[in-house]
2 protein chains.
Amino acid sequence: MDVTIYEVAKRAGVSIATVSRALRGTGPVAARTREKVLKAVEELNFTPSRLGVSLAEGRHAANGIVFPDLAGPYYTEVLLGYEEVASELGRSVVILSTKGRTKVGDLVKDLAGRVDGMLIFGHTVPEPLVAELVRLGVRLVFVSREPLAGADTLRSENTASARALAGHLAGHGYERFAFLGAPLTSQDDVDQRWQGVREVLGGAIEAVDTRHYTVECGYDAALTLLRGEGRPEAIVCSDDEVALGALLAAEELGLDVPGDVAVTGWDDIMAARHARPALTTVRQPMRELGARAARALDELITGARDTPRHLVLTTELMIRSSCGGHPAAT
Amino acid sequence: MDVTIYEVAKRAGVSIATVSRALRGTGPVAARTREKVLKAVEELNFTPSRLGVSLAEGRHAANGIVFPDLAGPYYTEVLLGYEEVASELGRSVVILSTKGRTKVGDLVKDLAGRVDGMLIFGHTVPEPLVAELVRLGVRLVFVSREPLAGADTLRSENTASARALAGHLAGHGYERFAFLGAPLTSQDDVDQRWQGVREVLGGAIEAVDTRHYTVECGYDAALTLLRGEGRPEAIVCSDDEVALGALLAAEELGLDVPGDVAVTGWDDIMAARHARPALTTVRQPMRELGARAARALDELITGARDTPRHLVLTTELMIRSSCGGHPAAT
DNA sequence: GGCTTTTGTGTAAGCGCTTACAGAGAAGTG
DNA sequence: CACTTCTCTGTAAGCGCTTACACAAAAGCC
């Protein structure tokens, strides 16, 4: 790691400019000269310093990603899709989690100084800081948030998918519903799901707050809900983790799912597929979200595109057994 | 992002050395002078270039991490623990996945040029390249592999935990066992688990290959195993994903778990807890693995320690319902 | 008051690499 | 042969920041 381009040049008997040209193919180099350079590189086991290259080029060849936490499988899948495409494009990925961190502003700015652009999940970064980053010309792509002027946004479809899910549930003949996991922000993913479900079920469904979208919070809220008056026949959950909590609550209360109460989730994470009963849920194309985000960011970084774009990816309704019986199916 | 230290110095009417000293606190600066500098910094919204600082300091303030994939929740948890401590120590985390990648050597070397040290999972990086990195003085910490000269290793305990698991299973009175997920490498994690289980169950257990440690491969191998002659009464699986596959196979064949066949896993991932029956498994302190790795790497990077160290973290036997009935217990 | 020590600041040299531009030599053309 | 064009190479200037060292002024001490 201590060999510099100067030592290679000396050993090969050429200038550092020639070494650079030979290695990068950025200019004409005689075959004989190239051989001498490559031989010296091999003998000295030289690898160009990333720092030197980046400073001289004025670019990092790296992408950033800011997320609230990775404990939910949702974020992991997006990250994997993102990293895969970033690597294909010759870029490293620098990660930053904001969970439990103070001075998020400083952390995000430090990240911005290390990368050519970044992906931000939803509202992980405070809005004033987002506005500042946009003003500074930082290339940004957002996943899972409403459109924002000056930056790209990418999300999965929510409203129509929620309507399809609610329609399917109604087809089971249920008449009393609850939506577990009230929206935190207007127009965020969960709010759109709530809107879509409500369009179909109307006054037959009521939203219940869970405080966070975790298994634990879903369990607590479901326990309270299922112990109360007017128990719903079906619970539509904001996401799979909350739904897993609801399954635990039903189990503890000795309620059969879906016989006594049906439960649905959102995301189609691994645990949802392996729970019993297997969760009926909506699958988000999470890897594709990450992959598309990396490509969008590439367009912004290379200048292939300079106008913000807002994309919506399609979802898939995964009917399993938690919503009710399906004659002659699965 | 375009303001340089020169512009700040000009605006504050001091030299760039004074700006640097004022911002970093590396030398005496008069209070009056410091105020002028801070005012200029604020007016110009200056943030020091990470590249400039790193090149001048000769360090990146970043940690690398190389993993085969993040699809398994195991890797995610380790990454989270790692990132959290790295951030506390003022370091960013640069990730690299090797799954499906060609030219892993080039990718790893590029990563090495961006960070002050890195964490590598098991045998993700080919041994010759590992030897070369060690020789080049790259600070390395390995997780989940046997001790290696010249680098730190960190793993969870396997053999004694496997003995405890096997002892518990034997206590259920089973007499025929299978180990699903044969070891790939001598002394790797799975091999140690296999050794521990075999010490207790001896000739009553036989290893079955799964090719990979995934749900799908576990399912295929379990299907074959359970359809064959001499069906085992209990299946000890290499890890939770393989165990989830075994649960799917049993379900498909109409076998009751644990009535007809008991199943155990390893890791205690979310899906293992939410499966039904809930998996008996061994919990690895995955976040702590990551956190300890980051701290170990910090010691190597700062020079607080220069001799390699090999640590083993304790695990916890999680008895749930997939191994058999437990009177008056959950 | 003279000498020593401390505080504060600026200059210059790098850290490792890229590349514009100038110049030399070789090749091509009329 | 003279002129033009092409190939190849080296020099010098930066990219943005840190800091050793020299020097000046102020403070402290006898």
Report task. Please determine, by modelled atom types, if B/Tyr75 and A/Thr76 share a side-chain donor-acceptor pair under 3.5 angstrom. Result -> no

**Report entry** Pair B/Ser54-B/His60, side-chain donor/acceptor within less than 3.5 Å
**Finding:** no

If I take atom [atom1] in residue [X] and atom [atom2] in nucleotide [N], what distance separates them, rounded to the nearest angstrom?
{"X": "A/Glu7", "N": "C/dC17", "atom1": "CD", "atom2": "C1'", "result": "14 Å"}
{"X": "A/Leu44", "N": "C/dG16", "atom1": "CG", "atom2": "C1'", "result": "15 Å"}
{"X": "B/Arg21", "N": "D/dC17", "atom1": "CZ", "atom2": "P", "result": "16 Å"}
{"X": "A/Lys10", "N": "C/dG16", "atom1": "NZ", "atom2": "C1'", "result": "17 Å"}

Can you tell which of [options] lies closest to the side chain of [X]?
{"X": "A/Ile5", "options": "C/dT18, D/dT18, C/dG10", "value": "C/dT18"}
{"X": "B/Ala17", "options": "D/dT19, D/dC17, D/dG10", "value": "D/dT19"}
{"X": "B/Thr18", "options": "C/dG16, D/dC17, C/dT9", "value": "C/dT9"}
{"X": "B/Ser15", "options": "C/dT18, D/dC17, C/dT11", "value": "C/dT11"}

Is any NZ, NE, NH1 or NH2 atom of the basic residue among [X] and [Y] found under 4.0 Å from an Asp or Glu carboxylate oxygen of the other?
{"X": "B/Glu83", "Y": "A/Arg101", "result": "yes"}
{"X": "B/Arg145", "Y": "B/Asp188", "result": "no"}
{"X": "A/Arg155", "Y": "A/Glu146", "result": "no"}
{"X": "B/Lys99", "Y": "A/Glu84", "result": "no"}

Query - Residue-level proximity of residues 54-62 of chain A to DNA chain C when a heavy atom falls under 4.0 Å - result: A/Leu55, A/Ala56

Report task. Select from B/Ile16 and A/Gly52 the residue whose nearest nucleotide in DNA chain C is closer to the 5' end of that strand. Result -> B/Ile16

Report task. Check each of B/Leu300, B/Ile65, B/Leu311 against B/Val141 using the side chain to side chain contact (heavy atoms under 4.5 Å, CB included) test, and report the only one that passes. Result ->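 The residue from B/Leu300, B/Ile65, B/Leu311 that satisfies side chain to side chain contact (heavy atoms under 4.5 Å, CB included) with B/Val141 turns out to be B/Leu300.
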
Query raised in the report: Between residues 24-36 of chain A and DNA chain D, which residues have a heavy-atom gap below 4.0 Å?
Result: A/Pro28, A/Val29, A/Ala30, A/Thr33

Requested in this report: Tell me what A/Ser20 touches on the nucleic acid: a base, only sugar-phosphate, or nothing, going by heavy atoms under 4.0 Å.
Outcome: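 Base, at least one base heavy atom under 4.0 Å.
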
Query raised in the report: For B/Glu127, does the CD atom have more than 12 heavy-atom neighbours from other residues, nucleotides or ligands under 6.0 Å away?
Result: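 Enclosed: over 12 neighbouring heavy atoms sit under 6.0 Å from CD of B/Glu127.
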
Requested in this report: Would you indicate whether A/His310, at its atom NE2, is surrounded by more than 12 heavy atoms from other residues, nucleotides or ligands within a distance under 6.0 Å?
Outcome: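 Counting neighbours around NE2 of A/His310, more than 12 heavy atoms of other residues, nucleotides or ligands fall under 6.0 Å, so yes.
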
Query raised in the report: With a 3.5 Å cut-off and just heavy-atom distances, do the side chain of A/Tyr6 and the base of C/dC17 make a donor-acceptor pair?
Result: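 Indeed there is one.
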
